[in-house]
Every structure is written in structure tokens, then in C-alpha cells.
Amino acid sequence: MLILVSPAKTLDFDNPPGCESYSMPTLLDQSKQLIEVCRTLTPTDIATLMKVSDKIAGLNVARFSSWQKDFTPENAKQAVFAFRGDVYTGLDADTLSEASLQKAQKQLRILSGLYGLLKPLDLMQAYRLEMGTRLANDRGTNLYQFWGDIITDEINKTTEEQGDEFIINLASNEYFKAVKPKQLNAQVITPIFKDCKNGQYKVISFFAKKARGMMVRYILDNHVDSLEALIKFDTAGYYYSEKDSTVNEPVFLREAQ
């Protein structure tokens with residue numbers, strides 16, 4: 001199975017990565033095209049486009065300006081160690097064993113507005129460019145139009161090479177919209193995580209994001225390779241609810257914390 005997750009806004013380029021191994025992003029030529037578009041933007045443009053503060057806008061102008069295609073461990077960092085945030089807190093990549101990390105390199109892909117699709121150990125330079133950004137480019141008015149079929153084709157290439165029957169979609173709606181499910185050659189499974197609040201089970205964003213990361217970790221550490229094994233996920237008190245689930249959307253519930 002191939003796992004898809006979203007990136008994170010929070011980045012860590014200060015601390016050393018959890019391993020020395022690295023790989024290179026497959027779609028860097030596409031990234032370079034986007035960088036060239038982003039370099040035409042002023043701090044005011046970026047603040048308006050991304051709905052960020054002037055400080056963050058200035059930071060991203062500097063990032064776009066200094067971005068270079070020749071990635072090395074000195075000017076870039078492996079994606080799974082660079083991204084921080086709720087999903088990555090749940091994954092806790094810094095404590096993955098070497099075996100689980102290599103399994104992640106094969107099974108896990110990170111969707112990205114700038115890089116399209118990243119393997120965990122792909123080097124990346126710091127950026128902020130969310131998939132939902134309405135960035136006008138040669139292919140359209142937003143990043144979904146820019147990426148078109150590229151990300152979907154790359155996913156299909158990977159699943160065909162590896163013989164993956166399932167794609168476990170643990171990405172947000174914003175990022176999974178960059179994928180065209182009807183064109184995929186594997187069955188898409190989208191787990192849903194609900195926490196009990198005021199007597200009702202609801203998707204609570206903070207908890208759901210962390211749960212997605214925990215499920216990635218569960219798959220890697222437990223060598224999960226079937227849906228039967230996937231629904232045994234029980235990290236942090238979650239449990240599979242058969243009555244609330246469908247074939248393609250298994251639901252996991254958790255009692256009030």
C-alpha cells in the first residue's frame with residue numbers, strides 16, 4: 001500500500017536530521033518553474049495571496065530568492081525531518097527505526113504545493129506554498145491546474161512499480177484535491193478519525209491530524225499490508241467502528257480525552 005499525507009506549515013531547518021541518507025525529489029523541474037513565478041511576487045503580493053503577516057511574507061520572499069535547484073545536505077533537509085506539525089508529531093519520524101524509515105521511503109509520499117510529491121528522504125529547501133494557493137501560472141490560475149495530471153501520473157507510476165493495491169489517503173482535502181482519484185490504478189482508502197466531544201463523535205482537526213500521523217507510524221512499525229491489518233489500528237485509544245464505516249472510509253473513534 002502507498003500512503004499519502006499533507007506537508008506542514010511549520011518547518012525545522014535548525015536541528016540535524018534523524019539520518020544521513022537522502023534522495024532527490026522527482027519533480028524538481030516543475031518546482032523550478034513555480035519558483036520563477038513566485039520570484040515575481042512582492043511581499044505585499046505574498047501577504048495577500050497567502051493571507052500571512054508581513055513578517056512571514058518577507059521570509060518567503062527571501063526563501064524564494066535563495067532557492068536553488070542543486071540540493072545538498074548542506075542547503076536542504078530530508079522532508080520527513082523538515083516538516084513539523086500535528087501529522088508529523090503523530091508520526092514522530094525522529095524515533096523511527098532504520099527499517100521503518102526505509103519502509104517509509106517506499107510506502108509514504110508527501111503531497112506538496114511546491115514539490116508535487118516527495119519521498120520522506122527527499123531533500124527540500126524551506127518554502128511555504130500551500131496547494132490551495134491561487135497562484136497564476138502558465139498552466140492556469142492555481143496550483144491544481146499547474147500540477148494537472150502530473151502528481152496522479154507519478155502516484156500511478158509508483159503503485160505500478162511496487163504492485164500496490166491500495167492508496168491510504170491520510171492527506172487533507174486541500175491536498176488530496178491535487179490527485180485525480182478516477183485516474184488512479186489502486187483503490188483509495190480514506191480513514192476518518194472522530195473524537196467524542198459533548199457526547200457526540202466529531203472530526204476535531206487537531207486530533208484528526210495527529211491521528212493521521214499515528215496511523216502512518218502504525219503501518220510502518222507493524223508492517224501493515226492489508227485492510228484487515230489496517231483496521232486493527234488502536235494507537236492512543238482509537239478503535240475501528242464497523243457500523244460507522246464503509247469499504248473505502250473506515251472510521252476510527254476515540255472516547256473523550
Exercise for the section: Before giving the answer on side chain to side chain contact (heavy atoms under 4.5 Å, CB included), spell out for Y88 and V5 the whole-Å C-alpha distance, their side-chain angles and the decisive distance to 0.1 Å. Expected result: CA-CA 10 Å; Y88 295 87; V5 296; 3.8 Å; yes
Practice task
Locate the shortest heavy-atom distance separating D164 from A186; write the atom from each residue and the value.
Solution key: O-CB, 3.8 Å
Exercise for the section: Determine, stepwise, if the pair Q78 / D122 fulfils side chain to side chain donor-acceptor pair (under 3.5 Å). Expected result: CA-CA 5 Å; Q78 299 95 321; D122 280 352; over 6 Å; no
Handout entry: Test: K69 and D29 ion pair at under 4.0 Å
Key = yes
Handout entry: Residues D12, K77: salt bridge by 4.0 Å N-O rule
Key = yes
Practice task
Could you please spell out the steps behind the ring pair (Phe, Tyr, Trp, His ring centres under 6.0 Å) verdict for Y238 and F193?
Solution key: CA-CA 8 Å; Y238 284 100; F193 304 94; 5.7 Å; yes
Judged by atom type as modelled, is there a donor-acceptor pair below 3.5 Å linking the side chain of [X] to the main-chain atoms of [Y]?
{"X": "S31", "Y": "L114", "value": "yes"}
{"X": "T133", "Y": "L129", "value": "no"}
{"X": "N75", "Y": "Q125", "value": "no"}

Practice task
Report the C-alpha separation of T152 and D149 in whole Å, then their side-chain angles, then the decisive distance to 0.1 Å, and conclude whether the side chain to side chain donor-acceptor pair (under 3.5 Å) test is met.
Solution key: CA-CA 5 Å; T152 303; D149 293 336; 5.4 Å; no
Handout entry: Lys/Arg cation over aromatic F146: R139, 6.0 Å, 45° cone
Key = yes
Just wondering, are more than 12 heavy atoms of other shown residues or ligands nearer than 6.0 Å to [atom1] in [X]?
{"X": "E165", "atom1": "CD", "answer": "no"}
{"X": "Y22", "atom1": "OH", "answer": "no"}
{"X": "K119", "atom1": "NZ", "answer": "yes"}

Exercise for the section: Please test R84 against D94 for salt bridge (charged side-chain N to carboxylate O under 4.0 Å, His left out), starting from the C-alpha separation and ending with a verdict. Expected result: CA-CA 11 Å; R84 299 297 179 186; D94 293 326; 3.2 Å; yes
Completion exercise
Interatomic distance, OH@Y240 vs CZ@F252, rounded to 0.5 Å, equals 7.5 Å
Exercise for the section: Measure the acute angle between the ring planes of Y115 and W67, then classify it against the limits of 30° and 60° as parallel, tilted or perpendicular. Expected result: tilted
